[in-house]
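FYI, side chains are in, hydrogens and waters are out, and symmetry mates aren't considered; it's all heavy atoms of this structure. Chain A is the first sequence line, chain B the second, and so forth, proteins listed ahead of strands; every chain is numbered from 1.
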2 protein chains.
Amino acid sequence: MEKKRVSIRDLAAILGVTPSTISRALNGQGNISEKRREQITKLAKEHGYRPNHIAKSMVANKTFNIGLLLPEFTHNYFNKILAGIESVTYQKGYQLLICTSDELQEKEEKSCLTFLDARVDGILATAGNSSDDLRHFENVLKDGTPLVLLDRICEDLNTSYVVTDDFEGSFEAVQYLIDSGCSNILHIKGPDYISTSFNRKLGYTEALKKNGMEYREEFVLKGDQKAFEKDLNAVLDKHPIDGVFAFSDYYAYDVIQILNHRAVKIPDEISIIGYADEPLAQYISPQLSTVKQPAYEIGKHAAEILFKIIEEKTDEIITKQLKTTLVLRGTTKGT
Amino acid sequence: MEKKRVSIRDLAAILGVTPSTISRALNGQGNISEKRREQITKLAKEHGYRPNHIAKSMVANKTFNIGLLLPEFTHNYFNKILAGIESVTYQKGYQLLICTSDELQEKEEKSCLTFLDARVDGILATAGNSSDDLRHFENVLKDGTPLVLLDRICEDLNTSYVVTDDFEGSFEAVQYLIDSGCSNILHIKGPDYISTSFNRKLGYTEALKKNGMEYREEFVLKGDQKAFEKDLNAVLDKHPIDGVFAFSDYYAYDVIQILNHRAVKIPDEISIIGYADEPLAQYISPQLSTVKQPAYEIGKHAAEILFKIIEEKTDEIITKQLKTTLVLRGTTKGT
DNA sequence: TTGAAAGCGGTACCAC
DNA sequence: GTGGTACCGCTTTCAA
């Protein structure tokens, strides 16, 4: 335990040269005789010398660490984002400092501080539900640490981001429901205060409008809440619902469970489209039609943008909106 | 960009005192007048002073970072392990440096080096498939960095670990199949060279033996390979198979798909038990009976063990084996 | 080509 | 109670 690692000074002492010579030899720069270099490289290897990353960070004022803040990892969506990010950080030789926010404002704030204190070279983050207080992100910006937002957007935050075109994706889904004959379409909306909820609902309402269909307040239910089953049953009792567009595949799954209880035939009586193309979409039967998001690409692009900002030391704000794909499976009819 | 952060020396200059005074005041130790302390605390806050974690790490020779190496995150199992780990690192004030190995020896080795170079205070890792070369882990040990292995065990590595009792879990599952009337039970085995594959297969063979049933080589198929469907169909054609015990829920799912093609009734004609209790187990119908692993607890315990080793600077080897639970759902008959 | 020394941002020991 | 200073491990400028 507590073994001391061999330092550049140790090597210097052995050879009777100075630390600077060792440093130069090992870093391949500065003038140094080929003989010395070989000698030192060999010695370093023999002694298992490994440069102290911490010390390097301190003098370079650069850590080669990126802070990544995600809500959680239970959704496959975020895993794929992580994989996309890693694909670029790995080959760039950067490390990921990962924090999860659990959608909690407090953890979000703490994570930002942690990242700043750790002197990360940049931050990739998904903003949480409560967009009321953005000070922690503003502090990041004020601090001069590059920040790229993922998945969700914060209107009031003047920074780079990568999102998917939720409006377009939703619009397309609802349009499909309409084209395949649905005329009483429910929307199961997502959590308040996150941009994706807003945009997906907007896609729904605009699709209705464009097709001359009436928007009804009572056709929009909030998923993920205790009263959901009761609420849904109430609408189903009252209205001839024939289509459902859900904020997520999980909400869609909940709907299907309830419809199964009511012995509703899917998609003959009611068509359903979810969102995200989580694995469950393929496991349930009938398989769930859904809007697929390019999660891996979101992560990849976000990381690439972050590196562009870091490496070019630019203040430029880069934004990117990726397209979704409507994946038709068993819970929808053909058009 | 490139804003300089305020340092302890800056504050010292403003107040006309020395850096040591500032340090003492901010760290609440050493003798210092209450007045000074208040004055300095106030000044630090005004200037948004934040201690440089890198510098602290350097002098303390401690980073408060833990390296975490996992194969990937697409399996819910690893997410839950991560959540368990985070629950303890978070409250201990440690950060997680995360690398994924994709089960690749090369990435595993590189990650270990990365962790060591980053001077993490400890490492939590899942060993990959190829246990032939363990040098990277041995280097970690030799370096004196505490290492706790997760999920899979390496016989030849003398270090702490947390695993689940795969033998017991498998034995119990196969025993259940036997008790519920199965007499020709297939095992779909996992990847070679990982301890879990070995132990789960052992549970299968031992359960057969204990019940006086013959072990047949041809009743053990390797999942996750091109020829799997062909192989499985071949056995099904030749033998009156009535039970399947799979290395993972995903393998079980593959089996079910093939059985569905053959219009086999589950569980009436063939019972199936998977492993891990991944979400898909609940999504498919009939729902999959499976062996549930306490993933969150594995992570939690592993992290706790690691901290015990770090904090007590002990060389003690701590091992823990957690129990699984047999979760009976729709793919098995009652006993 | 190599050496000497300052400095990155803190901490801690020893004086006063 | 506060100041002075060496040092953590490395890089880099300036001199020799």
Please check if the number of heavy atoms outside B:E34 that lie under 6.0 Å from its CD is greater than 12.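 Atom CD in B:E34 is crowded, with more than 12 foreign heavy atoms closer than 6.0 Å.
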
Counting heavy atoms not belonging to A:E106, are there more than 12 under 6.0 Å from its CD?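 Result for CD/A:E106: open.
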
Between [atom2] on [N] and [atom1] on [X], what's the gap in Å once rounded to a whole number?
{"X": "B:R37", "N": "D:dT2", "atom1": "CZ", "atom2": "C1'", "answer": "13 Å"}
{"X": "B:F64", "N": "C:dT11", "atom1": "CZ", "atom2": "C1'", "answer": "14 Å"}
{"X": "B:K62", "N": "D:dG9", "atom1": "NZ", "atom2": "P", "answer": "16 Å"}
{"X": "A:L15", "N": "C:dG3", "atom1": "CG", "atom2": "P", "answer": "10 Å"}
{"X": "B:E38", "N": "D:dG1", "atom1": "CD", "atom2": "P", "answer": "14 Å"}
{"X": "A:K56", "N": "C:dG7", "atom1": "NZ", "atom2": "C1'", "answer": "17 Å"}
{"X": "A:I8", "N": "D:dT12", "atom1": "CD1", "atom2": "P", "answer": "11 Å"}
{"X": "A:N61", "N": "D:dG9", "atom1": "CG", "atom2": "P", "answer": "20 Å"}

By the 4.0 Å heavy-atom rule, please label [X] as base, sugar-phosphate, or nothing.
{"X": "A:S20", "result": "base"}
{"X": "B:R50", "result": "sugar-phosphate"}
{"X": "A:S33", "result": "sugar-phosphate"}
{"X": "A:R36", "result": "sugar-phosphate"}
{"X": "B:T18", "result": "base"}

Taking the side chain of [X] as heavy atoms from C-beta outward, which of [options] is closest to it?
{"X": "B:N31", "options": "D:dG4, D:dT12, D:dT2", "answer": "D:dT2"}
{"X": "A:A55", "options": "D:dC10, C:dG10, C:dG9", "answer": "D:dC10"}
{"X": "A:I32", "options": "C:dT2, C:dG10, C:dT11", "answer": "C:dT2"}
{"X": "A:V59", "options": "C:dG10, D:dG3, C:dC8", "answer": "C:dC8"}

I want to check one thing: is the phosphate of D:dT11, taken as OP1 and OP2, less than 4.0 Å away from some side-chain N or O of A:N27?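 True: A:N27 side-chain N/O within range (under 4.0 Å) of D:dT11 OP1/OP2.
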
Just N and O in the side chain of A:T21: are any of them under 4.0 Å from OP1 or OP2 of C:dG3?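 Checking C:dG3 against A:T21, a side-chain N or O does come within under 4.0 Å of OP1 or OP2.
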
Which of parallel (below 30°), tilted (30 to 60°) and perpendicular (above 60°) describes B:F307 and B:Y94?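 Perpendicular, since the angle between the ring planes exceeds 60°.
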
Is A:K300 close enough and on-axis enough to A:Y296, meaning under 6.0 Å and within 45°, for cation-pi?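 No, A:K300 does not lie over the aromatic ring of A:Y296.
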
So is A:K80 actually on top of A:F78's ring, under 6.0 Å and inside 45° of the axis?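 Because its charged atom misses either the 6.0 Å distance or the 45° angle limit, A:K80 does not stack over A:F78.
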
Should the side chain of B:R24 and the base of D:dG3 be counted as holding a donor-acceptor pair, with the cut-off at 3.5 Å?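 When only heavy-atom distances are counted, B:R24 does reach the base of D:dG3 through a donor-acceptor pair under 3.5 Å.
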
A:H53 vs B:P19, nearer the 5' end of DNA chain D by closest nucleotide: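 Comparing both residues, the 5'-ward one is B:P19.
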
So A:I66 and A:I123, do their side chains get closer than 4.5 Å, heavy atoms only?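 Not touching, per the 4.5 Å side-chain cut-off.
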
By nearest heavy atom, map A:R9 and A:G16 onto DNA chain C; which one lands nearer the 5' end?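 The residue whose closest nucleotide sits nearer the 5' end is A:G16.
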
On DNA chain C, nearest-nucleotide positions of B:M58 versus A:V17: which is more 5'?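 Its nearest nucleotide lies further toward 5', so the answer is A:V17.
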
